[in-house]
Amino acid sequence: MVARIKKLRTGLLALCCLVSLGLGGELALAESAAPSYNYSYWGNAVAAPSAYEATTLITGASSGAGPFNNPQDIQVTADQQIYVLDSGNNRFVILDQDYKSVKTVDAFQFKGKAEKFNNPQGIYVTQQKEVYVADTGNKRIVHLDSSFKAVGIIEAPKSELLQANFEFQPVRVAVDKADRIYVMSAGVFDGFMEFGADGVFKSFIGANRVHVDAVEYFWKSISTKAQREQMVMYTPTEFTNLDINDEGFLYATNGDDYGDPIKKLNAQGADILRREGYYKPSGDLLYSTRSGGAPRLVDIDVSDSEIYAVLDASRGRVFTYNGDGYLLYIFGGIGNRLGEFNTPVAIEHSGDDILVLDQVLGEITVFQTTEYGRTLNSAVRSYYNGDEAMASREFSKVVNLNANMEYAYAGIGKAYLRQGEYKESAEYFERSMDRTNYSKAFLLYRKEVLRGHFSTIMTALIALVVLWQGLRMYRKMKARKKVELH
Amino acid sequence: MNREALQHPLYVMVHPFNGYWDLKYERSQKTSLIISFGILFMLILTNVLGDQYSGFLVNMNNPRYLNSLLEAVYVLVPVLFWCVANWSLTTLMDGEGKFVEIFITTCFALLPIVLINFPWIWISNLISAQESSFYYFFKNFAFLWSGLLMYVGIMTVHQFSPSKTIGTILLTLLAMAFMAFLTLLFFSLVQQMIAFVSTIYQEIVLRR
């Protein structure tokens with residue numbers, strides 16, 4: 001009896017398996033992958049060595065400035081001073097290279113009056129160490145000079161571009177070399193607000209595009225004006241953060257599900273981010289609703305050589321891309337261990353280190369490169385600076401450490417191409433799935449082979465033609481003979 | 001099977017009207033049927049070879065997920081669906097073709113796809129990205145040629161007028177979609193039933 005039931009059970013099981021075959025496939029998710037991973041050309045999560053490891057945890061107490069309360073933003077200067085905007089305490093704290101507090105600023109002098117911050121959300125420090133604070137609670141931008149005296153204050157602007165009921169709530173701020181001020185304001189859908197060096201509002205730049213699906217468009221097109229007014233208004237997505245690079249280009253993140261969540265804006269507000277990688281830069285490709293759903297990019301940080309890192313708040317991960325849009329490495333996560341966060345809000349680089357600010361825990365996690373990360377960074381930098389020989393050497397080291405790093409093979413291929421080793425070059429481009437460059441290398445290789453064997457090929461061709469003609473003539477002669485015989 | 005019978009598919013390719021007429025009224029059906037299966041087999045084979053050995057520039061398949069059995073299914077199921085749908089329709093629409101004839105006609109019409117695509121598996125390894133437009137041109141050309149053969153074939157086999165043939169082909173495509181829907185529905189229902197039975201079985205077993 002038992003045996004029969006067992007048999008029946010296996011039979012049923014086999015049947016179920018057969019039926020469900022092909023239904024549950026392709027559920028390989030990023031979270032089940034190795035702790036550190038990267039996305040392959042095919043969009044799978046593949047294991048990768050970790051490029052960054054958390055080494056230090058900075059808290060307000062450990063820095064000597066007293067506990068942070070709900071910090072919102074950090075900024076690192078070129079000489080590696082860290083400005084922490086401690087919003088809950090209405091102050092910002094400056095830390096030195098050893099992560100010790102050197103100064104705390106919670107008030108400033110303006111026109112002879114002592115003023116205070118009220119729930120500031122964004123901070124930016126220029127190269128001359130002038131500080132811009134988005135003083136959200138007071139609805140203004142505060143501009144302090146390097147000795148923390150107020151130079152200017154930007155209040156709610158007046159302009160025909162703005163609606164009558166416009167409320168100025170600056171939350172993030174960035175300043176370029178010409179002292180133009182870019183402000184991200186809450187509830188503004190038209191892009192960033194651009195102010196001149198004198199604090200006068202100029203215009204909006206870089207609005208996100210509205211996504212309208214076809215069904216919605218159809219209903220809107222057949223409904224009356226009164227009906228349309230009752231419908232949901234479609235507004236462009238708001239930006240979530242911004243950063244500015246040395247050349248004055250704005251890098252911005254937004255919560256756009258359909259368009260591009262990462263943008264690089266030029267002075268006209270056009271998106272000029274290069275997306276030459278295997279897929280568009282957008283954080284995680286594979287995710288489940290259980291692990292937080294679609295990536296929610298909350299901050300972006302541009303370092304040298306056009307390398308930029310974005311912070312995904314839904315899974316606490318940092319994604320780093322190079323200027324061409326290839327994903328270099330991923331690290332971080334949500335959790336309780338060192339190197340994991342609760343509510344990450346801001347990311348900054350300090351030299352080669354990466355700092356991530358956690359809002360709820362009031363901590364800054366410092367990540368330092370591993371050998372793999374250092375090699376990869378240096379390879380990308382050498383390539384960016386045009387030193388292809390050096391880049392090739394470094395990329396070779398990278399593939400020795402991580403054979404899954406498809407992008408690195410292209411770097412080696414490019415060096416071979418330059419050296420005239422077309423066959424090797426094509427092979428490496430094939431490994432990196434770089435079809436455009438493969439085609440270039442292959443054409444050169446084909447030309448080389450055809451040149452090298454030109455005499456052989458031509459001889460063979462002519463011999464074939466002669467042989468064929470001869471055969472035809474022979475057959476004709478034979479046929480004629482037959483006719484004559486009959 | 002003689003040499004002439006083997007050459008007949010090639011004759012059909014370039015002289016579809018005469019060729020299909022001969023196929024319907026002159027040729028041995030058994031021989032044609034064997035040739036038809038041969039063409040189908042070659043089509044499956046070239047598809048498999050193409051996915052595996054096409055040049056890197058035109059081959060967008062992930063080699064990890066190539067499945068030769070599925071490749072066969074992708075050829076056989078559409079052909080079968082097409083034949084069944086066409087036969088079911090044309091019996092109602094006074095078509096003269098039998099199921100075997102429809103099947104043979106369909107298979108013969110697929111020959112250009114085999115003959116044109118086969119050499120391109122290897123030639124595609126010798127072309128650059130700019131030249132890949134030739135590859136795609138010949139692929140499309142093969143499809144168009146096959147389509148034309150299919151059209152003439154259906155017209156001949158059922159003795160339809162040209163306009164009626166077009167109507168029949170459109171209806172056949174509709175019927176194919178309907179069949180696909182029914183098949184999916186059927187499988188999904190069977191799956192539900194099996195899941196239901198297995199749940200009940202588990203309940204009983206675990207309750208002991």
Side-chain angles (χ1 to χ4, degrees), chain A residues 1-2 4-26 28 39-46 278 404 406 409-410 413 422-423 425-450 453 457, chain B residues 51-74 76-77 120-136 180 183-208:
Chain A
M1 186 63 196
V2 175
R4 245 174 80 189
I5 286 180
K6 241 184 187 166
K7 221 176 187 177
L8 194 70
R9 195 187 289 168
T10 30
L12 259 176
L13 207 75
L15 210 67
C16 289
C17 286
L18 261 177
V19 170
S20 59
L21 242 178
L23 283 177
E26 290 311 301
Y39 285 107
S40 74
Y41 169 81
W42 299 107
N44 304 111
V46 291
Y278 300 126
N404 289 336
E406 287 160 328
Y409 292 109
Y422 303 128
K423 188 167 186 238
S425 172
E427 275 165 11
Y428 274 103
F429 282 131
E430 185 171 350
R431 286 188 104 172
S432 101
M433 307 303 285
D434 187 340
R435 292 201 157 84
T436 344
N437 282 316
Y438 171 86
S439 176
K440 269 182 215 161
F442 178 77
L443 262 180
L444 290 164
Y445 172 60
R446 192 176 71 181
K447 200 190 261 174
E448 200 179 70
V449 169
L450 286 180
H453 299 280
I457 293 165
Chain B
D51 283 349
Q52 181 72 43
Y53 294 111
S54 284
F56 169 63
L57 288 173
V58 293
N59 193 346
M60 307 290 171
N61 297 302
N62 187 346
R64 283 180 67 176
Y65 298 116
L66 287 186
N67 185 342
S68 302
L69 288 177
L70 273 183
E71 221 49 78
V73 170
Y74 291 148
L76 292 179
V77 166
W120 276 97
I121 296 169
W122 280 275
I123 302 173
S124 66
N125 282 289
L126 305 175
I127 57 172
S128 68
Q130 294 87 36
E131 291 148 11
S132 67
S133 41
F134 288 105
Y135 174 84
Y136 293 114
T183 318
L184 284 179
L185 194 69
F186 174 74
F187 277 116
S188 143
L189 280 178
V190 167
Q191 213 169 350
Q192 300 267 345
M193 272 156 64
I194 289 173
F196 174 70
V197 172
S198 91
T199 319
I200 288 187
Y201 172 74
Q202 271 175 13
E203 286 278 347
I204 293 168
V205 165
L206 295 176
R207 207 158 278 231
R208 259 197 313 204

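Convention: sequence-line order gives letters A, B, ...; per-chain numbering from 1.
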Identify the heavy atoms of [X] and [Y] that sit nearest to each other, and give their distance.
X: B:Ile127; Y: A:Phe442; value: O-CE2, 3.6 Å
X: A:Ser439; Y: B:Ala129; value: OG-N, 2.8 Å
X: A:Arg446; Y: B:Leu126; value: NH1-O, 2.6 Å
X: A:Asn44; Y: B:Tyr65; value: ND2-OH, 4.0 Å

Distance from B:Asn59 atom CG to A:Glu430 atom CD, nearest 0.5 Å?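 The CG atom of B:Asn59 sits 9.5 Å away from the CD atom of A:Glu430.
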Can you tell me which portion of [X] sits under 4.5 Å from chain B's heavy atoms? Options are side chain, backbone, both or neither.
X: A:Phe429; value: backbone
X: A:Arg435; value: both
X: A:Asn437; value: neither

Partner residues of B:Arg207 under the salt bridge (charged side-chain N to carboxylate O under 4.0 Å, His left out) criterion, sequence neighbours left out: B:Glu203
Under 4.5 Å from a heavy atom of chain A, the part of B:Asn61 involved: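 Looking at B:Asn61, just its backbone touches chain A.
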Residue list, side chain to side chain donor-acceptor pair (under 3.5 Å) with A:Arg431, at least two apart or on another chain: none
Assess whether atom OH of B:Tyr136 is packed by more than 12 heavy atoms of other residues, nucleotides or ligands within 6.0 Å.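 Atom OH in B:Tyr136 is crowded, with more than 12 foreign heavy atoms closer than 6.0 Å.
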Heavy-atom pair count under 4.5 Å with chain A, highest-scoring of B:Gln202, B:Met60, B:Gln130, B:Arg64: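 Most heavy-atom pairs under 4.5 Å with chain A: B:Met60.
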